[in-house]
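What follows is one structure encoded as structure tokens, with my remarks underneath.
In this chain, residues are counted from 1 in sequence order.
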Amino acid sequence: SSMRTDSPRTPLIRREDQVDESVKKRRRHDRQGVADRLTALHEIETFPAWKHAIGSSSCEDVLEDETIHPFQIPEEVELIVPTTDDIAMPVSTFRAWMLGILSCIGTSFVNQFFWFRTEPLSITSVFSQIAVLPLGRIMAATLPHRRYGIPGTDFRFSLNPGPFNKKEHVLITVMANAGASSVYAIHIVSIVKIFYKKTIQFYVAFLLVLTTQILGFGWAGLFRKFLIEPATMWWPSSLVQVSLFRALHEEDQRPRGQLSRNQFFVLAISCSFAYYLFPGYLFPMLTSLSWLCWVFPSSVVAQQIGSGLKGLGLGAIGLDWSAICAYYKSPLATPWFAVANMMVGFVITTYIIIPLAYSHNLYEARRFPIFSSGLFTQSGETYDTSKVLNGQFELDLTAYANYGKLYLSDSFVFTYAIGFSSLAATLVHVLLFHGRDLWRLGTDKFRNDRKDLHTRMMEHYKQVPISWFLFFLFITIIVSIVICEVFNEQLQLSWWGVLLACALALLFALPLGIINSTTNQVSFSSALLFVQLCFLCNYIFRTRAALLVRK
């Protein structure tokens, strides 16, 4: 797979033997400190992307300018992300906004609707990325080219500025991605209504969801310099979409006797769609084939060990891709070291620690299923939370003492334990491996440090001022405090609780963002933070039932 900009081929999956020799050569120069300046000069002169990035600067000036550094781009990014850019290409067009808004609404509805399944069916922004391409080209072929103006202003626009281009496609996908995941605030509303049988008014729930989403928008802008600009933050899942963009828009040449990239893509997506009919509708049992349960259908131990849905799943085989990717996204887009790390931790926890704890009756857990997220009484019956709540939706300690303690399964207990230890490990890991770089970025030393090629190319565009994000963040915090004070009976959170939540977000947003940008594991990291906050709220608001958040 060549890195020359005139090559139409872009690898979908990187292999070490496919790395271009020029890439390896430049890395050797980097390790040796670019000792041979004449050789480095020749490399830059024959690399068209660098000439595009440096504009009219001479190659000698580039070598003297230490703010430009071609060798900091990670190998995965260097092999996939293009190194040329057309700054005159239209982006904010009528068709981009129309298709983007509709894609955002559609993916948001579908993902939230299917989130309540045992194995959530997630419609990612890749679906919108594929679906909007023919729609965009149809609009480019049918919409009028006439330019319209707003009376009294010099603003003019066209419904059809030309062919549907790559940047419009990217903008639409960005909008679709905004609605491509479940909203955590919906969990609060669902828990209150479904498990506690309480009523929360629609507009209160709407304001809760809206403010939490805008708070996240503010935090994202606040940490843009740390999570976007550095070349080491390479976001693995985004590379998959970049590769797909190139395959859909760049010229494709079919090798003799082989399939072109577009032909292979259409074949693969057609087969994937056809295959999902079997585990999704015709044979749901393909989600988990537990052969151990078939051999010993009446054995409780065999069910606990072999069941893929209610047990440890030892030996179970899953042939449903949506179940495999339900919580940890696609393993194809996750770096190998992250997959291996998770697999080792899973084996140690699920196949060693939990069985040992269950066999030794730790926390009296042998009275309950070995794998369950439910709440139980001491006798093993389902715990009825309504019996320990009073009319003000608060925990009645007297009723709790009479009804009995709450028990969890061993798998649930260790899920919480791992949540605490993993969050602590996240902070330590980021501090040790990225602390120095974060300090340099925080003190604006990045501006005087070496920049990678793509950072230099982005300087052609005017960025959204950080003050805009801070404004939204400040206003949303004030609105959140007002909402919690006015509707305190339903939300049960004081003003200082909002400030505490913002402080915790300020502490964990950057470390979790770094983990996501390097391992593609945002959902797991966010879930761990959610677990810790549940316990923290339990200690602070001891009688607030709504904050004893549990399914």
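The aromatic rings of H169 and F245 stand perpendicular to each other, their planes meeting at an angle above 60°, with 30° marking the opposite boundary.
Distance check, rounded to the nearest 0.5 Å: OG of S480 to CG of L215 gives 4.5 Å. Note: L210 CG to L208 CG = 9.5 Å, rounded to the nearest 0.5 Å. In this structure, CH2 on W234 lies 8.5 Å from CG on N520, to the nearest 0.5 angstrom. The CG atom of L222 sits 7.0 Å away from atom CG of L506, with the distance rounded to the nearest 0.5 Å. The structure places CZ of R156 at 9.0 Å from CZ of R146, a figure rounded to the nearest 0.5 Å. Atom CE of M457 and atom CD of E459 lie 11.5 Å apart (nearest 0.5 Å).
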Evaluate side chain to side chain contact (heavy atoms under 4.5 Å, CB included) for L319 paired with L289, printing each intermediate quantity in order.
CA-CA 8 Å; L319 300 179; L289 301 175; 3.7 Å; yes

From CA spacing to verdict: side chain to side chain contact (heavy atoms under 4.5 Å, CB included), M342, T519
CA-CA 11 Å; M342 292 175 59; T519 67; over 6 Å; no

Trace of the ring-ring contact (aromatic ring centres under 6.0 Å, His included) decision for F94 with F157
CA-CA 9 Å; F94 167 78; F157 67 95; 7.9 Å; no

Please assess F433 against T518 for the test side chain to side chain contact (heavy atoms under 4.5 Å, CB included), listing each intermediate value before the final yes or no.
CA-CA 12 Å; F433 287 87; T518 54; over 6 Å; no

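Other residues, nucleotides and ligands contribute more than 12 heavy atoms inside 6.0 Å of the CZ atom of F469. Around the CZ atom of F278, the shell of radius 6.0 Å holds no more than 12 heavy atoms that belong to other residues, nucleotides or ligands. Surrounding CZ of F206 are at most 12 heavy atoms belonging to other residues, nucleotides or ligands under 6.0 Å away. Heavy-atom neighbours of Y281 OH from other residues, nucleotides or ligands within 6.0 Å: at or below the threshold of 12.
Side-chain N or O atoms of S272 include none that pairs as donor or acceptor with a backbone N or O of A268 at under 3.5 Å. Under a 3.5 Å cut-off, the side chain of S243 and the backbone N or O of I80 do not form any donor-acceptor pair. In this structure a side-chain-to-backbone donor-acceptor pair under 3.5 Å is present from T107 to A176. N165 contributes a side-chain N or O that, together with a main-chain N or O of P90, makes up a donor-acceptor pair within less than 3.5 Å. Formation of a donor-acceptor pair under 3.5 Å by the S108 side chain with backbone atoms of I105 is not found in this model. Distance alone, capped at 3.5 Å, is enough to place a donor-acceptor pair between the H454 side chain and the P82 backbone. Side-chain atoms of N160 come within 3.5 Å of backbone atoms of A140 as a donor-acceptor pair (strictly under, hydrogens ignored).
In terms of heavy-atom proximity, K167 sits nearest to I87 at NZ-CA, 4.0 Å. The shortest heavy-atom contact between F223 and A509 is CE1-CB, 3.7 Å. Nearest heavy atoms, L427 versus P511: CD2-CG, 3.6 Å. Between G221 and I466 the shortest heavy-atom distance is O-CD1, 2.9 Å. In this structure, L227 and W235 approach most closely via the heavy-atom pair O-NE1, 2.9 Å. Here the shortest heavy-atom pairing between I172 and A96 reads CG1-O, 3.4 Å.
Applying the salt bridge (Lys or Arg N to Asp or Glu O under 4.0 Å) rule to pairs touching residues 93-111 yields R95-E168, sequence neighbours excluded.
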Side-chain atoms of residues 123-139: list all donor-acceptor pairs with protein atoms under 3.5 Å, sequence neighbours left out, distances to 0.1 Å.
residue, atom, partner, partner atom, Å
T124, OG1, V126, N, 3.3
S125, OG, N177, OD1, 3.3
S125, OG, Q241, NE2, 2.9
Q129, OE1, Q241, NE2, 3.4
Q129, NE2, Q241, O, 3.1
R137, NH2, L248, O, 3.3

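Side-chain contact between F265 and L244 is present, with at least one heavy-atom pair separated by less than 4.5 Å. Looking only at side-chain heavy atoms (C-beta outward), D85 and Y461 come within less than 4.5 Å of each other. The shortest distance between side-chain heavy atoms of C104 and F109 does not fall below 4.5 Å. Looking only at side-chain heavy atoms (C-beta outward), L438 and L510 come within less than 4.5 Å of each other. Between R224 and V464, the closest side-chain pair of non-hydrogen atoms falls below 4.5 Å. Side-chain contact between I475 and V479 is present, with heavy atoms from C-beta onward closer than 4.5 Å. Within the 4.5 Å cutoff, side-chain heavy atoms of L512 are placed close to those of L423. Between M233 and H434, some side-chain heavy-atom pair lies under the 4.5 Å cut-off.
Not counting sequence neighbours, the partners of P279 by the side chain to side chain contact (heavy atoms under 4.5 Å, CB included) test are Y275, Y276, L286, D320.
Under the 4.0 Å criterion applied to side-chain N and carboxylate O atoms, E250 and R246 are assigned as salt-bridge partners.
For the residue pair S92 / W97, a side-chain donor-acceptor distance below 3.5 Å is found, with atom types taken as modelled.
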